[in-house]
Amino acid sequence: MRLTRYFLPVLKENPAEAQIVSHRYMLRAGMIKQQAAGIYSWLPLGLRVLRRIETIVNEEQQRAGHIPLLMPTLQPADLWRESGRYDDYGDEMLRIKDRGGRDLLFGPTNEEMITDIFRSHVTSYKSLPLTLYHIQWKFRDELRPRFGVMRGREFLMKDGYNFDIDKDAALHAYNRHMVSYLRTYERMGLTAIPMRAASGPIGGDNTHEFLVLAATGESEVFFDSAVTELKLGARAVDYDDRAAVAAVCQEFTTLYARTDETHDPALFDAIPEARRKVARGIEVGQIFYFGTKYSEAMGATVVTAEGTRVPVEMGSHGIGVSRLLGAIIEASHDDKGIIWPEGVTPFPVGIVNLKQGDAGTDAACDGLYKALQLLGLEALYDDRDERAGAKFATMDLIGLPWRITVGPRGLANGVVEVTSRRTGVSEEMTAEAAVAKIAAIYDGV
RNA sequence: CGGAGCGUAGCGCAGUCUGGUAGCGCACCUGCUUCGGGAGCAGGGGGUCGGAGGUUCGAAUCCUCUCGCUCCGACCA
(Lines give C-alpha, C1' and ligand atoms only; values in the text may rest on other atoms or scores of the structure.)
Protein backbone atom coordinates (compact mmCIF):
# COMPACT_ATOMS: atom_id res chain seq x y z
CA MET A 1 0.00 0.00 0.00
CA ARG A 2 1.28 3.40 -0.97
CA LEU A 3 0.73 5.84 1.85
CA THR A 4 -0.35 8.62 -0.52
CA ARG A 5 -3.24 6.42 -1.63
CA TYR A 6 -4.12 5.09 1.79
CA PHE A 7 -6.35 6.51 4.52
CA LEU A 8 -4.17 6.95 7.59
CA PRO A 9 -5.25 10.01 9.55
CA VAL A 10 -2.44 10.22 12.12
CA LEU A 11 -2.55 12.84 14.85
CA LYS A 12 0.48 14.69 16.07
CA GLU A 13 -1.05 15.60 19.38
CA ASN A 14 -2.71 13.48 22.02
CA PRO A 15 -6.50 13.59 21.98
CA ALA A 16 -7.72 14.97 25.29
CA GLU A 17 -10.10 12.14 26.07
CA ALA A 18 -7.55 9.34 25.93
CA GLN A 19 -6.08 8.47 29.29
CA ILE A 20 -4.14 5.30 28.68
CA VAL A 21 -1.39 4.60 26.22
CA SER A 22 -3.22 2.09 24.02
CA HIS A 23 -6.19 4.42 23.61
CA ARG A 24 -3.92 7.37 22.81
CA TYR A 25 -1.90 5.48 20.25
CA MET A 26 -4.92 3.90 18.58
CA LEU A 27 -6.40 7.36 18.08
CA ARG A 28 -3.11 8.95 17.06
CA ALA A 29 -2.24 6.16 14.65
CA GLY A 30 -5.59 6.59 12.90
CA MET A 31 -6.86 3.13 13.87
CA ILE A 32 -10.19 4.05 15.45
CA LYS A 33 -12.60 6.95 15.74
CA GLN A 34 -15.00 7.26 18.60
CA GLN A 35 -18.66 7.64 17.59
CA ALA A 36 -20.26 7.56 21.03
CA ALA A 37 -19.20 6.48 24.51
CA GLY A 38 -17.69 3.04 24.10
CA ILE A 39 -18.57 2.79 20.40
CA TYR A 40 -15.91 3.08 17.69
CA SER A 41 -15.45 3.06 13.97
CA TRP A 42 -12.50 0.94 12.87
CA LEU A 43 -10.40 2.89 10.41
CA PRO A 44 -8.35 1.01 7.81
CA LEU A 45 -5.21 0.51 9.91
CA GLY A 46 -7.18 -0.61 12.97
CA LEU A 47 -9.30 -2.92 10.87
CA ARG A 48 -6.20 -4.62 9.46
CA VAL A 49 -5.00 -5.49 12.95
CA LEU A 50 -8.47 -6.57 14.03
CA ARG A 51 -8.64 -8.92 11.05
CA ARG A 52 -5.17 -10.31 11.82
CA ILE A 53 -6.27 -11.12 15.35
CA GLU A 54 -9.49 -12.68 14.10
CA THR A 55 -7.51 -14.81 11.68
CA ILE A 56 -5.28 -16.14 14.43
CA VAL A 57 -8.27 -16.87 16.66
CA ASN A 58 -10.03 -18.66 13.80
CA GLU A 59 -6.99 -20.73 12.91
CA GLU A 60 -6.39 -21.83 16.47
CA GLN A 61 -10.03 -22.64 17.12
CA GLN A 62 -10.24 -24.73 14.00
CA ARG A 63 -6.94 -26.41 14.83
CA ALA A 64 -8.60 -27.52 18.08
CA GLY A 65 -11.53 -28.94 16.12
CA HIS A 66 -14.00 -26.18 16.90
CA ILE A 67 -16.50 -25.26 14.20
CA PRO A 68 -17.32 -21.70 13.12
CA LEU A 69 -20.82 -20.41 12.52
CA LEU A 70 -22.36 -16.96 12.79
CA MET A 71 -25.27 -15.91 14.97
CA PRO A 72 -27.03 -12.54 14.69
CA THR A 73 -26.40 -9.49 16.84
CA LEU A 74 -30.13 -9.10 17.54
CA GLN A 75 -31.82 -11.84 19.49
CA PRO A 76 -35.45 -12.46 20.45
CA ALA A 77 -36.16 -11.89 24.13
CA ASP A 78 -38.11 -15.13 24.43
CA LEU A 79 -34.94 -17.24 24.36
CA TRP A 80 -33.65 -15.30 27.32
CA ARG A 81 -36.94 -15.66 29.16
CA GLU A 82 -36.49 -19.43 28.89
CA SER A 83 -33.14 -19.35 30.64
CA GLY A 84 -34.29 -16.78 33.16
CA ARG A 85 -31.59 -14.33 32.19
CA TYR A 86 -33.88 -11.78 30.54
CA ASP A 87 -34.69 -10.46 33.98
CA ASP A 88 -31.35 -11.31 35.62
CA TYR A 89 -29.11 -9.47 33.18
CA GLY A 90 -30.25 -6.00 34.18
CA ASP A 91 -29.57 -2.66 32.53
CA GLU A 92 -26.39 -3.88 30.89
CA MET A 93 -28.58 -5.57 28.29
CA LEU A 94 -29.68 -3.28 25.49
CA ARG A 95 -33.36 -3.99 24.89
CA ILE A 96 -35.10 -3.05 21.66
CA LYS A 97 -38.63 -3.33 20.34
CA ASP A 98 -39.33 -3.98 16.66
CA ARG A 99 -42.23 -2.38 14.76
CA GLY A 100 -44.55 -5.11 15.89
CA GLY A 101 -43.75 -4.41 19.53
CA ARG A 102 -41.80 -7.66 19.90
CA ASP A 103 -38.99 -7.61 22.44
CA LEU A 104 -35.50 -7.98 21.02
CA LEU A 105 -32.09 -7.45 22.52
CA PHE A 106 -28.60 -6.72 21.20
CA GLY A 107 -26.79 -9.87 22.26
CA PRO A 108 -24.29 -9.55 25.11
CA THR A 109 -23.42 -13.26 24.69
CA ASN A 110 -24.97 -16.29 23.03
CA GLU A 111 -25.52 -19.22 25.41
CA GLU A 112 -29.29 -19.18 24.86
CA MET A 113 -29.13 -18.90 21.10
CA ILE A 114 -26.52 -21.60 20.64
CA THR A 115 -28.50 -23.88 22.93
CA ASP A 116 -31.56 -23.23 20.78
CA ILE A 117 -29.64 -24.15 17.64
CA PHE A 118 -28.31 -27.26 19.29
CA ARG A 119 -31.68 -28.53 20.55
CA SER A 120 -33.26 -27.94 17.16
CA HIS A 121 -30.86 -30.21 15.34
CA VAL A 122 -29.02 -32.54 17.69
CA THR A 123 -30.79 -35.42 19.36
CA SER A 124 -28.23 -38.22 19.68
CA TYR A 125 -25.06 -38.82 21.63
CA LYS A 126 -23.55 -39.85 18.30
CA SER A 127 -23.39 -36.19 17.29
CA LEU A 128 -21.16 -35.39 20.24
CA PRO A 129 -18.71 -33.99 21.08
CA LEU A 130 -19.51 -30.71 19.33
CA THR A 131 -17.97 -27.28 19.81
CA LEU A 132 -19.38 -24.32 17.86
CA TYR A 133 -18.07 -20.80 17.96
CA HIS A 134 -18.44 -17.48 16.28
CA ILE A 135 -16.73 -14.11 16.21
CA GLN A 136 -19.43 -11.50 16.42
CA TRP A 137 -20.11 -8.02 17.77
CA LYS A 138 -21.56 -7.89 21.24
CA PHE A 139 -23.20 -5.07 23.09
CA ARG A 140 -23.15 -4.53 26.82
CA ASP A 141 -24.48 -1.22 28.01
CA GLU A 142 -21.70 -0.55 30.49
CA LEU A 143 -22.26 2.02 33.18
CA ARG A 144 -18.92 3.43 32.38
CA PRO A 145 -17.17 2.60 29.14
CA ARG A 146 -13.54 3.71 29.15
CA PHE A 147 -10.02 3.20 27.85
CA GLY A 148 -11.02 3.01 24.19
CA VAL A 149 -11.52 -0.50 22.93
CA MET A 150 -10.49 -1.98 26.27
CA ARG A 151 -13.94 -1.41 27.72
CA GLY A 152 -16.28 -0.52 24.93
CA ARG A 153 -20.00 -1.04 24.92
CA GLU A 154 -19.84 -2.57 21.46
CA PHE A 155 -17.00 -5.06 21.17
CA LEU A 156 -15.92 -7.98 19.04
CA MET A 157 -15.74 -11.27 20.85
CA LYS A 158 -15.06 -14.84 19.93
CA ASP A 159 -17.45 -16.97 21.91
CA GLY A 160 -17.48 -20.74 21.73
CA TYR A 161 -19.76 -23.36 23.23
CA ASN A 162 -19.06 -27.02 23.78
CA PHE A 163 -21.67 -29.77 23.95
CA ASP A 164 -20.64 -33.07 25.49
CA ILE A 165 -22.23 -36.27 26.70
CA ASP A 166 -20.80 -36.28 30.19
CA LYS A 167 -18.78 -34.22 32.60
CA ASP A 168 -15.42 -35.82 31.74
CA ALA A 169 -15.91 -35.03 28.08
CA ALA A 170 -16.97 -31.48 28.93
CA LEU A 171 -13.91 -30.98 31.10
CA HIS A 172 -11.76 -32.15 28.20
CA ALA A 173 -13.41 -29.46 26.10
CA TYR A 174 -12.56 -27.00 28.84
CA ASN A 175 -8.94 -28.11 28.81
CA ARG A 176 -8.81 -28.08 25.02
CA HIS A 177 -9.94 -24.47 25.08
CA MET A 178 -7.29 -23.60 27.61
CA VAL A 179 -4.52 -25.01 25.41
CA SER A 180 -5.91 -23.41 22.25
CA TYR A 181 -6.08 -20.07 24.03
CA LEU A 182 -2.49 -20.33 25.23
CA ARG A 183 -1.41 -20.93 21.66
CA THR A 184 -3.59 -18.11 20.37
CA TYR A 185 -2.13 -15.52 22.73
CA GLU A 186 1.44 -16.65 22.14
CA ARG A 187 0.98 -16.20 18.40
CA MET A 188 0.02 -12.60 19.12
CA GLY A 189 3.21 -12.04 21.05
CA LEU A 190 1.43 -11.98 24.39
CA THR A 191 2.02 -13.71 27.67
CA ALA A 192 -1.47 -14.42 28.97
CA ILE A 193 -1.63 -16.22 32.29
CA PRO A 194 -4.60 -18.45 33.08
CA MET A 195 -5.89 -17.55 36.53
CA ARG A 196 -8.58 -19.10 38.64
CA ALA A 197 -11.52 -16.73 38.55
CA ALA A 198 -15.05 -16.21 39.76
CA SER A 199 -17.85 -17.11 37.42
CA GLY A 200 -20.18 -14.10 37.47
CA PRO A 201 -23.53 -14.14 35.65
CA ILE A 202 -22.61 -16.97 33.29
CA GLY A 203 -22.61 -19.44 36.16
CA GLY A 204 -20.57 -22.57 36.79
CA ASP A 205 -17.75 -23.65 39.05
CA ASN A 206 -14.78 -24.21 36.77
CA THR A 207 -13.50 -21.06 35.24
CA HIS A 208 -10.18 -19.47 34.35
CA GLU A 209 -9.48 -15.99 33.12
CA PHE A 210 -6.51 -15.19 30.89
CA LEU A 211 -4.67 -12.12 32.04
CA VAL A 212 -2.08 -10.04 30.23
CA LEU A 213 0.12 -8.21 32.70
CA ALA A 214 0.00 -4.44 32.23
CA ALA A 215 0.19 -1.51 34.62
CA THR A 216 -3.13 -0.21 33.30
CA GLY A 217 -4.96 -3.51 33.81
CA GLU A 218 -8.32 -3.39 35.51
CA SER A 219 -7.81 -6.46 37.69
CA GLU A 220 -5.41 -6.88 40.56
CA VAL A 221 -3.58 -10.18 40.20
CA PHE A 222 -1.47 -12.29 42.52
CA PHE A 223 0.93 -14.86 41.13
CA ASP A 224 4.10 -16.87 41.41
CA SER A 225 6.53 -15.17 39.02
CA ALA A 226 7.53 -18.59 37.67
CA VAL A 227 4.24 -18.72 35.71
CA THR A 228 5.46 -15.96 33.45
CA GLU A 229 8.29 -18.25 32.30
CA LEU A 230 5.94 -20.95 31.02
CA LYS A 231 5.70 -21.18 27.24
CA LEU A 232 3.73 -23.49 25.03
CA GLY A 233 6.11 -22.77 22.16
CA ALA A 234 6.04 -24.90 19.05
CA ARG A 235 5.26 -28.15 20.83
CA ALA A 236 2.62 -30.31 19.14
CA VAL A 237 -0.39 -31.10 21.29
CA ASP A 238 -2.89 -33.68 20.10
CA TYR A 239 -6.21 -32.06 20.92
CA ASP A 240 -7.96 -35.44 20.93
CA ASP A 241 -5.59 -36.85 23.55
CA ARG A 242 -7.31 -36.08 26.85
CA ALA A 243 -4.29 -36.92 28.96
CA ALA A 244 -1.89 -34.84 26.88
CA VAL A 245 -4.21 -31.83 26.90
CA ALA A 246 -4.81 -32.19 30.63
CA ALA A 247 -1.07 -32.36 31.24
CA VAL A 248 -0.55 -29.00 29.55
CA CYS A 249 -3.33 -27.48 31.64
CA GLN A 250 -1.79 -28.98 34.75
CA GLU A 251 1.54 -27.39 33.82
CA PHE A 252 0.00 -23.96 33.38
CA THR A 253 -2.38 -23.96 36.35
CA THR A 254 -0.38 -25.55 39.15
CA LEU A 255 1.62 -22.50 40.14
CA TYR A 256 -0.33 -19.90 42.09
CA ALA A 257 -2.04 -17.33 39.85
CA ARG A 258 -5.31 -15.72 40.87
CA THR A 259 -7.26 -12.53 40.46
CA ASP A 260 -8.45 -10.52 43.44
CA GLU A 261 -11.81 -12.32 43.18
CA THR A 262 -10.37 -15.66 44.19
CA HIS A 263 -7.15 -14.61 45.90
CA ASP A 264 -6.18 -16.73 48.90
CA PRO A 265 -3.57 -14.94 51.05
CA ALA A 266 -2.61 -18.14 52.88
CA LEU A 267 -1.68 -19.95 49.66
CA PHE A 268 -0.03 -16.83 48.32
CA ASP A 269 2.19 -16.48 51.37
CA ALA A 270 3.45 -20.02 50.84
CA ILE A 271 5.21 -18.92 47.64
CA PRO A 272 8.91 -18.09 48.13
CA GLU A 273 9.02 -14.37 48.74
CA ALA A 274 11.20 -13.51 45.75
CA ARG A 275 8.61 -15.04 43.41
CA ARG A 276 5.54 -13.52 45.06
CA LYS A 277 4.13 -10.91 42.68
CA VAL A 278 1.22 -8.51 42.93
CA ALA A 279 0.47 -6.72 39.70
CA ARG A 280 -2.33 -5.63 37.42
CA GLY A 281 -3.72 -7.50 34.45
CA ILE A 282 -6.01 -7.10 31.45
CA GLU A 283 -8.52 -9.88 31.02
CA VAL A 284 -8.37 -11.07 27.41
CA GLY A 285 -10.34 -14.29 27.70
CA GLN A 286 -12.27 -16.58 29.97
CA ILE A 287 -13.32 -20.21 29.87
CA PHE A 288 -16.22 -21.77 31.78
CA TYR A 289 -17.55 -25.22 32.46
CA PHE A 290 -21.13 -24.89 33.63
CA GLY A 291 -22.61 -28.34 33.09
CA THR A 292 -26.34 -28.47 32.41
CA LYS A 293 -27.40 -25.00 33.52
CA TYR A 294 -28.69 -23.95 30.09
CA SER A 295 -29.42 -27.35 28.63
CA GLU A 296 -31.79 -28.17 31.49
CA ALA A 297 -33.52 -24.80 31.42
CA MET A 298 -33.96 -24.95 27.66
CA GLY A 299 -34.49 -28.66 27.09
CA ALA A 300 -31.31 -29.42 25.17
CA THR A 301 -31.09 -33.17 25.59
CA VAL A 302 -29.60 -36.10 23.72
CA VAL A 303 -30.40 -39.78 23.71
CA THR A 304 -27.59 -41.92 25.13
CA ALA A 305 -26.35 -45.30 23.92
CA GLU A 306 -28.57 -46.85 26.58
CA GLY A 307 -31.61 -45.11 25.18
CA THR A 308 -32.09 -42.66 28.03
CA ARG A 309 -32.42 -38.91 27.49
CA VAL A 310 -29.97 -36.61 29.31
CA PRO A 311 -29.35 -32.88 29.29
CA VAL A 312 -26.15 -32.09 27.44
CA GLU A 313 -23.03 -30.93 29.32
CA MET A 314 -21.85 -27.50 28.28
CA GLY A 315 -19.25 -24.84 28.70
CA SER A 316 -18.62 -21.47 27.11
CA HIS A 317 -15.38 -19.78 26.22
CA GLY A 318 -14.61 -16.24 25.18
CA ILE A 319 -11.79 -14.20 23.73
CA GLY A 320 -12.09 -10.41 23.68
CA VAL A 321 -10.97 -9.85 20.10
CA SER A 322 -11.29 -6.06 19.94
CA ARG A 323 -9.95 -5.68 23.46
CA LEU A 324 -6.82 -7.58 22.41
CA LEU A 325 -5.76 -4.62 20.26
CA GLY A 326 -5.55 -2.53 23.40
CA ALA A 327 -3.94 -5.27 25.43
CA ILE A 328 -1.23 -5.85 22.84
CA ILE A 329 -0.41 -2.14 22.68
CA GLU A 330 -0.34 -1.87 26.47
CA ALA A 331 2.14 -4.74 26.50
CA SER A 332 4.21 -3.56 23.52
CA HIS A 333 4.96 0.11 23.00
CA ASP A 334 7.48 2.83 23.79
CA ASP A 335 7.38 6.60 24.00
CA LYS A 336 7.36 6.92 20.20
CA GLY A 337 4.41 4.65 19.53
CA ILE A 338 3.19 1.13 19.07
CA ILE A 339 5.49 -1.86 18.52
CA TRP A 340 3.42 -4.56 16.80
CA PRO A 341 4.43 -8.18 17.22
CA GLU A 342 4.94 -9.78 13.79
CA GLY A 343 1.88 -11.97 14.29
CA VAL A 344 -0.62 -9.10 14.32
CA THR A 345 1.08 -6.20 12.56
CA PRO A 346 -1.12 -4.39 10.03
CA PHE A 347 1.71 -4.43 7.48
CA PRO A 348 4.78 -6.65 7.76
CA VAL A 349 7.20 -3.89 6.84
CA GLY A 350 7.35 -0.20 6.03
CA ILE A 351 9.39 1.33 3.24
CA VAL A 352 10.67 4.87 3.78
CA ASN A 353 11.84 6.78 0.74
CA LEU A 354 14.10 9.52 2.06
CA LYS A 355 14.09 11.52 -1.15
CA GLN A 356 10.75 11.23 -2.88
CA GLY A 357 11.02 12.32 -6.48
CA ASP A 358 14.64 11.23 -6.84
CA ALA A 359 14.83 8.79 -9.73
CA GLY A 360 17.21 6.48 -7.88
CA THR A 361 15.35 6.19 -4.57
CA ASP A 362 11.94 6.07 -6.27
CA ALA A 363 13.06 3.17 -8.46
CA ALA A 364 14.68 1.34 -5.57
CA CYS A 365 11.53 1.71 -3.43
CA ASP A 366 9.29 0.53 -6.25
CA GLY A 367 11.55 -2.46 -6.73
CA LEU A 368 11.48 -3.37 -3.04
CA TYR A 369 7.73 -2.95 -2.91
CA LYS A 370 7.15 -5.22 -5.87
CA ALA A 371 9.64 -7.83 -4.75
CA LEU A 372 7.94 -8.06 -1.34
CA GLN A 373 4.53 -8.20 -2.97
CA LEU A 374 5.57 -11.17 -5.08
CA LEU A 375 6.39 -12.98 -1.83
CA GLY A 376 2.93 -12.18 -0.44
CA LEU A 377 4.20 -9.42 1.84
CA GLU A 378 2.35 -6.14 1.51
CA ALA A 379 4.59 -3.30 2.57
CA LEU A 380 3.37 0.13 3.59
CA TYR A 381 5.39 2.41 1.34
CA ASP A 382 5.68 5.97 2.61
CA ASP A 383 5.83 7.76 -0.74
CA ARG A 384 4.75 11.13 0.63
CA ASP A 385 6.79 14.19 -0.21
CA GLU A 386 7.80 14.62 3.43
CA ARG A 387 11.06 15.05 5.22
CA ALA A 388 12.83 12.10 6.77
CA GLY A 389 11.89 13.04 10.31
CA ALA A 390 8.18 13.14 9.57
CA LYS A 391 8.32 9.77 7.84
CA PHE A 392 10.25 8.15 10.66
CA ALA A 393 7.89 9.58 13.25
CA THR A 394 4.87 8.18 11.41
CA MET A 395 6.46 4.75 11.06
CA ASP A 396 7.42 4.70 14.72
CA LEU A 397 3.93 5.74 15.77
CA ILE A 398 2.05 3.12 13.77
CA GLY A 399 4.55 0.52 14.95
CA LEU A 400 5.38 -1.68 11.98
CA PRO A 401 8.01 -4.08 13.35
CA TRP A 402 10.40 -3.63 10.41
CA ARG A 403 11.37 -0.66 8.31
CA ILE A 404 13.41 -0.49 5.13
CA THR A 405 14.95 2.94 4.64
CA VAL A 406 16.06 3.97 1.18
CA GLY A 407 18.21 7.06 0.73
CA PRO A 408 20.59 8.41 -1.90
CA ARG A 409 23.58 8.02 0.39
CA GLY A 410 23.01 4.30 0.91
CA LEU A 411 22.08 3.67 -2.70
CA ALA A 412 25.41 5.15 -3.79
CA ASN A 413 26.99 2.26 -1.88
CA GLY A 414 24.42 -0.23 -3.14
CA VAL A 415 22.66 -0.67 0.19
CA VAL A 416 19.40 0.03 2.00
CA GLU A 417 18.84 -0.03 5.73
CA VAL A 418 16.71 -2.54 7.64
CA THR A 419 15.63 -1.38 11.09
CA SER A 420 13.89 -3.24 13.88
CA ARG A 421 11.20 -1.15 15.53
CA ARG A 422 11.63 -3.10 18.76
CA THR A 423 15.36 -2.78 19.19
CA GLY A 424 16.06 0.23 16.98
CA VAL A 425 19.02 -1.63 15.53
CA SER A 426 19.72 -0.93 11.85
CA GLU A 427 21.63 -3.05 9.39
CA GLU A 428 22.80 -2.06 5.93
CA MET A 429 22.44 -4.60 3.13
CA THR A 430 21.53 -4.86 -0.51
CA ALA A 431 17.88 -4.54 -1.47
CA GLU A 432 17.80 -8.23 -2.36
CA ALA A 433 19.17 -9.16 1.04
CA ALA A 434 16.62 -6.89 2.73
CA VAL A 435 13.74 -8.62 0.94
CA ALA A 436 15.17 -12.01 1.86
CA LYS A 437 15.55 -10.97 5.49
CA ILE A 438 11.96 -9.75 5.77
CA ALA A 439 10.68 -12.87 4.04
CA ALA A 440 12.64 -15.05 6.44
CA ILE A 441 11.23 -13.21 9.46
CA TYR A 442 7.66 -13.76 8.29
CA ASP A 443 8.16 -17.33 7.17
CA GLY A 444 5.69 -19.28 9.30
CA VAL A 445 4.26 -16.28 11.16
C1' C B 1 -25.91 5.26 39.66
C1' G B 2 -22.88 8.65 43.61
C1' G B 3 -18.78 12.33 43.16
C1' A B 4 -15.74 15.71 39.95
C1' G B 5 -14.82 18.15 35.37
C1' C B 6 -15.14 19.54 30.27
C1' G B 7 -17.82 20.98 25.42
C1' U B 8 -14.70 27.52 21.32
C1' A B 9 -11.69 25.58 13.45
C1' G B 10 -9.81 18.65 11.77
C1' C B 11 -6.47 18.20 16.58
C1' G B 12 -4.43 20.67 21.15
C1' C B 13 -5.74 25.06 23.71
C1' A B 14 -6.51 30.65 25.32
C1' G B 15 -10.59 33.97 25.86
C1' U B 16 -15.69 33.12 30.31
C1' C B 17 -14.32 35.49 36.79
C1' U B 18 -14.55 41.63 35.35
C1' G B 19 -20.68 41.05 28.60
C1' G B 20 -18.78 45.04 23.45
C1' U B 21 -19.51 40.52 18.32
C1' A B 22 -13.41 35.23 18.44
C1' G B 23 -7.61 34.20 18.97
C1' C B 24 -2.91 31.04 19.22
C1' G B 25 -0.09 26.46 17.90
C1' C B 26 -0.39 22.16 14.84
C1' A B 27 -2.87 20.45 10.48
C1' C B 28 -4.74 22.24 5.48
C1' C B 29 -4.02 25.37 0.49
C1' U B 30 -0.29 28.51 -2.76
C1' G B 31 4.80 30.03 -3.68
C1' C B 32 10.05 29.99 -2.73
C1' U B 33 14.07 27.86 -0.12
C1' U B 34 15.16 23.39 2.42
C1' C B 35 15.60 17.89 2.66
C1' G B 36 18.86 11.06 7.28
C1' G B 37 14.56 12.10 13.03
C1' G B 38 7.82 15.77 13.15
C1' A B 39 11.89 22.42 8.35
C1' G B 40 11.97 28.06 7.40
C1' C B 41 9.86 32.38 5.24
C1' A B 42 5.74 34.78 2.81
C1' G B 43 0.69 34.60 1.59
C1' G B 44 -4.25 32.16 2.24
C1' G B 45 -8.88 29.32 3.61
C1' G B 46 -11.76 27.46 7.60
C1' G B 47 -15.41 28.42 13.52
C1' U B 48 -20.06 32.42 15.43
C1' C B 49 -18.22 29.41 20.59
C1' G B 50 -22.68 21.53 21.97
C1' G B 51 -28.28 22.72 21.76
C1' A B 52 -32.76 25.46 23.41
C1' G B 53 -34.77 29.32 26.11
C1' G B 54 -34.03 33.77 29.02
C1' U B 55 -31.64 38.59 30.92
C1' U B 56 -29.45 42.82 28.19
C1' C B 57 -28.88 48.14 23.63
C1' G B 58 -25.39 44.05 23.10
C1' A B 59 -23.99 37.13 25.29
C1' A B 60 -18.56 32.38 23.88
C1' U B 61 -18.87 35.28 28.54
C1' C B 62 -24.61 36.07 33.08
C1' C B 63 -29.25 32.77 34.36
C1' U B 64 -32.40 28.24 33.43
C1' C B 65 -33.11 23.76 31.06
C1' U B 66 -31.08 20.08 27.97
C1' C B 67 -27.64 16.92 25.15
C1' G B 68 -22.83 14.93 24.80
C1' C B 69 -17.99 13.50 26.48
C1' U B 70 -14.07 12.50 30.21
C1' C B 71 -12.16 11.16 35.05
C1' C B 72 -12.74 8.71 40.34
C1' G B 73 -16.00 4.99 42.69
C1' A B 74 -19.52 0.65 42.51
C1' C B 75 -20.15 -3.25 38.07
C1' C B 76 -17.91 -5.74 33.99
C1' A B 77 -15.16 -9.87 27.71
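Basis for what follows: all heavy atoms, side chains included, without hydrogens, waters or symmetry-related copies. Chain naming here is simple, since letters A, B, ... match the order of the sequence lines and numbering starts at 1 in each.
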Revision key, fill the gap. Per-nucleotide protein contact along nucleotides 23-28 of chain B, 5' to 3', at a 4.0 Å heavy-atom cut-off (B base, S sugar-phosphate only, - neither), is --BSS-
Give me the residues of [range] where at least one heavy atom lies under 4.0 Å from an atom of RNA chain B, by number, or none.
| range | result |
| --- | --- |
| residues 410-426 of chain A | A:Gly410, A:Glu417 |
| residues 48-66 of chain A | none |
| residues 338-347 of chain A | none |

In this structure, how many angstroms lie between the [atom2] atom of [N] and the [atom1] atom of [X], rounded?
| X | N | atom1 | atom2 | value |
| --- | --- | --- | --- | --- |
| A:Asp335 | B:rG37 | CG | P | 17 Å |
| A:Leu11 | B:rG12 | CG | P | 8 Å |
| A:Asp385 | B:rU33 | CG | P | 13 Å |
| A:Lys355 | B:rU34 | NZ | P | 11 Å |

Practice item. Would you please name every residue forming a side-chain hydrogen bond (donor to acceptor under 3.5 Å, both in side chains) with A:Asp264, sequence neighbours left out? Key: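 side-chain hydrogen bond (donor to acceptor under 3.5 Å, both in side chains) list for A:Asp264, sorted by chain: empty.
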**Study point:** Pairing residues for A:Glu229 by the side-chain hydrogen bond (donor to acceptor under 3.5 Å, both in side chains) criterion, not counting sequence neighbours
**Key:**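 A:Glu229 satisfies side-chain hydrogen bond (donor to acceptor under 3.5 Å, both in side chains) with no residue once adjacent residues are dropped.
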Classify [X] by what it touches in the nucleic acid, base, sugar-phosphate, or nothing, heavy-atom distance under 4.0 Å.
| X | answer |
| --- | --- |
| A:Ser322 | nothing |
| A:Arg28 | base |
| A:Ala393 | base |
| A:Asp91 | nothing |
| A:Gly152 | base |

Check your understanding: Can you find a side chain N or O atom of A:Arg409 that sits less than 4.0 Å from OP1 or OP2 on B:rG36?
Key ->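 Indeed not, no polar side-chain atom of A:Arg409 lies that close.
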**Study point:** A:Asp334/A:Lys336 salt bridge by N-O under 4.0 Å criterion
**Key:**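 Salt bridge flag = no for A:Asp334 with A:Lys336.
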Review point. Under the salt bridge (Lys or Arg N to Asp or Glu O under 4.0 Å) rule, what pairs show up with a residue in residues 54-75 of chain A, not counting sequence neighbours?
Key: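 Checked against salt bridge (Lys or Arg N to Asp or Glu O under 4.0 Å) - neighbours excluded - the pairs reaching residues 54-75 of chain A are A:Arg51-A:Glu54, A:Glu59-A:Arg187, A:Glu60-A:Arg63, A:Glu60-A:Arg183, A:Glu60-A:Arg187.
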Review point. Measuring from A:Gln286:CD to A:Thr207:OG1, what's the distance to the nearest 0.5 Å?
Key: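 Here the rounded value is 3.5 Å.
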Review point. Do A:Trp80 and A:Tyr89 have ring centres separated by under 6.0 Å?
Key: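 Yes, the ring of A:Trp80 comes within the 6.0 Å limit of the ring of A:Tyr89, centre to centre.
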**Study point:** Ring-face cation of A:Arg95 near A:Tyr86 (centre distance under 6.0 Å, axis angle within 45°)
**Key:**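 Ring-cation test returns yes.
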So what's [N] paired with, Watson-Crick or G-U wobble, going by both distances under 3.5 Å?
| N | value |
| --- | --- |
| B:rC75 | none |
| B:rG25 | B:rC11 |
| B:rC32 | B:rG40 |
| B:rA4 | B:rU70 |
| B:rU48 | none |

Side-chain donor-acceptor contacts of residues 338-348 of chain A below 3.5 Å, not counting sequence neighbours, with atom names and distances?
| unit_1 | atom_1 | unit_2 | atom_2 | d |
| --- | --- | --- | --- | --- |
| A:Trp340 | NE1 | A:Ile398 | O | 2.9 |
| A:Glu342 | OE2 | A:Trp402 | NE1 | 2.7 |
| A:Thr345 | OG1 | A:Phe347 | O | 2.8 |

Check your understanding: Counting only heavy atoms not in A:Lys231, do more than 12 fall under 6.0 Å of its NZ?
Key ->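 For A:Lys231, atom NZ is crowded (more than 12 foreign heavy atoms under 6.0 Å).
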In chain order, what residues pass the ring pair (Phe, Tyr, Trp, His ring centres under 6.0 Å) check against [X], with sequence neighbours excluded?
| X | result |
| --- | --- |
| A:Phe268 | A:Phe222, A:Tyr256, A:His263 |
| A:Phe210 | A:Tyr181, A:Tyr185 |
| A:Tyr239 | none |

Review point. What nucleotide among B:rG36, B:rG37, B:rG38 has an atom nearest to a side-chain atom of A:Leu354?
Key: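 The listed nucleotide nearest to A:Leu354's side chain is B:rG36.
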All N/O contacts under 3.5 Å from nucleotides 71-74 of chain B to the protein, with atom names and distances to one decimal?
| unit_1 | atom_1 | unit_2 | atom_2 | d |
| --- | --- | --- | --- | --- |
| B:rC72 | OP2 | A:Arg144 | NH1 | 3.3 |
| B:rC72 | OP2 | A:Arg144 | NH2 | 2.1 |

Practice item. Ignoring hydrogens and angles, state whether a donor on the side chain of A:Arg176 or A:His66 is under 3.5 Å from an acceptor on the partner side chain. Key: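 A:Arg176 vs A:His66: donor-acceptor pair found between side chains.
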Check your understanding: Are the side chain of A:Gln75 and the backbone of A:Thr109 linked by a donor-acceptor contact shorter than 3.5 Å?
Key ->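 Looks like yes, one N/O pair under 3.5 Å.
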Practice item. Check A:Leu3, A:Val352, A:Asn353 against A:Arg384 for a side-chain contact (heavy atoms from CB on, under 4.5 Å) and give me the one that passes. Key: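 Only one of A:Leu3, A:Val352, A:Asn353 forms a side-chain contact (heavy atoms from CB on, under 4.5 Å) with A:Arg384, namely A:Leu3.
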